[in-house]
Amino acid sequence: MPSEIPTMLDAGFIRDNLAAVKANCVNRQAAHAEADKVVEFDDRRKKLVSETQILQQKGNELSKGIPAEKDPAKKQALIAEGKAIREQVAALEKELKQVQADLHAALLTIPNMTHPDAPVGATPADNKVVSKWGVPTKFDFVPKDHVALAESLDLADFEAGASVTGQKFYFLKNEAVLLELALIQFTMQKLVKRGFTPVITPDLARVEVLEGIGFMPRDPNPETRQVYTIADSDLCLIATAEITLGGMLRDQILDEATLPRKYVGLSHCFRTEAGAPGRDTKGLYRVHQFTKVEMFGFCTPEQTEALHLEILAIEEEIFQELGLPYHVLDTCTGDLGGPAYRKYDLEAWMPFRGELDKTTGKPTGDYGEVTSTSNCTDFQARRLNIRYKGPNHKGTRVVHTLNGTAVAVTRAMVAILENYQQADGTVKIPEVLRPWVGRDVITRK
RNA sequence: GGAGAGGUGGCUGAGUGGUCGAAAGCACCGCUUUGCUAAAGCGGCGAUGGGCCAAAAGCCUAUCCGGGGGUUCGAAUCCCCCCCUCUCCGCCA
């Protein structure tokens with residue numbers, strides 16, 4: 001058979017664990033998941049495959065005999081018979097192709113399985129706080145939000161961003177520029193010391209790579225499509241370096257001795273923010289383009305849990321060293337994306353998020369997502385066709401992939417500006433960034 | 001962007017219509033020989049799907065020579081489209 005279309009979950013796995021898969025789909029709020037269809041299509045596929053193979057075998061044997069046949073009449077008869085077989089095979093293959101396409105479409109509706117300890121729940125409200133660090137910042141003066149700070153300290157130009165590119169684009173200026181570069185340096189240096197290989201990735205990638213990671217760039221509806229596509233090409237602007245870092249090793253067979261492989265990638269990220277119209281319209285919290293340093297790991301199933309916790313620990317360390325209060329959420333089943341087996345979100349304290357206080361009319365402050373880390377097990381690697389070979393098993397096995405944000409610059413900047421502001425309107429620079437920013441405080445020009 | 005060359009197993013590389021999944025070499029694994037090392041000899045060594053088997057081992061079978069389509073009883077080999085790499089030229093940060 002022509003090589004199978006790589007699938008997200010393995011159809012055989014779904015067949016063998018149908019009840020568990022269906023229960024998981026319910027927990028994941030995947031109402032449109034078609035697990036039964038997967039089994040049905042896969043049955044038909046198998047049947048067609050073996051029918052085709054029997055015919056092909058017949059045809060192969062026949063062909064083999066033709067050169068030896070000396071009698072011209074008999075030879076012609078054999079050729080005619082071969083022709084008939086070829087036509088039957090072609091018909092079966094056409095049918096098979098359709099079934100494979102149906103199967104693939106059904107498979108796309110099935111999310112990854114879920115870590116047994118992940119909280120079961122429907123909405124973000126069911127995410128479970130698993131740890132907390134620091135104390136939400138209190139001010140003994142009237143604080144400003146980061147937009148006001150950026151304006152008074154001349155750190156960003158949102159009007160110019162809107163004018164040149166559009167709403168939710170921005171120019172960074174002055175210390176904000178140095179802050180971005182400092183955040184990159186701070187995290188890169190840390191990760192390199194931890195054995196991560198630094199990478200600067202392309203900011204664009206092919207549609208197939210996006211799909212392999214779990215994005216849906218072919219979403220025909222521009223109202224819901226999450227990524228920007230480049231006209232007249234099969235390229236998209238990447239939404240995260242997870243896409244390019246995962247794609248980096250696609251179609252490769254890795255040596256088990258080289259696992260786990262850990263990379264830290266720098267890229268720009270582009271997001272249409274479809275489905276979030278009117279949310280967080282001001283400032284840097286939700287923007288169409290930002291810079292991000294991303295961790296990405298390839299490992300064996302045995303290593304996957306430890307690597308996930310390692311990535312989470314690094315994310316926590318980064319925010320501890322930045323001195324930003326945060327908590328960590330264990331993402332509930334209903335809030336996990338398709339590819340994630342388990343996901344932790346790290347949310348930093350942001351004084352200007354949250355509900356408006358009814359008496360003062362001012363925000364009460366809330367935690368806002370700054371980084372996250374997902375263990376995608378073999379979900380992405382199966383589609384990207386990334387496998388490994390080792391001495392203790394025959395053939396190849398699919399690797400596991402994990403990702404985590406080291407720093408998403410704009411979100412970190414929101415947290416820094418708002419938490420580090422002082423009564424005189426200046427903003428202190430977190431200690432660990434000072435060597436790269438080159439100063440201790442951001443002051444009025 | 002223009003002209004040319006080329007994409008074959010982990011690597012090098014032969015193969016231009018039929019016992020070719022593919023010579024040979026390297027690498028790798030096993031065995032033998034040899035004070036050790038080294039070397040030599042012999043053997044093994046691709047992926048994916050399907051089937052047999054309780055399962056593993058093993059066996060059988062189909063498909064895969066950059067990707068897709070076509071011609072043919074039969075394609076690595078012929079034709080078309082696409083992608084990629086290399087060389088030269090042009091352009092350019």
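Only a predicted model underlies this, so the values are computations on that prediction, with no experimental measurement involved.
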Side chains of A:R383 and A:L108: closer than 4.5 Å at any heavy-atom pair?
yes

Are A:L322 and A:L183 packed together at the side-chain level, in the sense that at least one heavy-atom pair is separated by less than 4.5 angstrom?
yes

Using the P atoms only, state how far B:G70 lies from B:G13, rounded to an integer number of Å.
33 Å

Look at the side chain of A:T396 and decide which nucleotide, out of B:G74, B:A62, B:U48, has an atom nearest to it.
B:U48

Short side-chain N/O contact from A:N60 to OP1 or OP2 of B:G18, under 4.0 Å
no

Please report the distance separating the P of B:A47 from the corresponding atom of B:C91, rounded so that it comes out in whole Å.
50 Å

Sticking with atom P, work out how far B:U48 lies from B:G10, rounded to a whole angstrom.
11 Å

Please give the distance between the C1' atoms of B:G90 and B:C79 as a whole number of Å.
32 Å

Could you measure between the two C1' atoms, the one in B:U72 and the one in B:U85, and give it in whole Å?
31 Å

B:G50 versus B:G2 - spacing of their P atoms, nearest Å
45 Å

What interatomic distance, in whole Å, is found between C1' of B:G46 and the corresponding atom of B:C36?
36 Å

Among the nucleotides B:C83, B:A62, B:U48, which one has an atom lying closest to any side-chain atom of A:R387?
B:U48

Would A:T371 and A:T405 count as having a side-chain donor-acceptor pair, cut-off 3.5 Å?
no

Taking the P atom of each, how far is B:C45 from B:U61, in whole Å?
16 Å

If a pair means Watson-Crick or G-U wobble with both distances below 3.5 Å, what does RNA chain B look like in dot-bracket form, with | marking bases paired to a different strand?
((((((((.[[[..)..(.....]]].(((((.......))))).(((((((.....))))))).[[[[[..)....]]]]])))))))....

Quick one: the side chain of A:Q53 and the base of B:G51, do they pair up donor-acceptor inside 3.5 Å?
no

Identify which nucleotide among B:A62, B:G46, B:C84 has an atom closest to any side-chain atom of A:R206, counting heavy atoms from C-beta outward.
B:C84

Any salt bridge linking A:D43 with A:R15? Criterion: basic side-chain nitrogen under 4.0 Å from a carboxylate oxygen.
yes

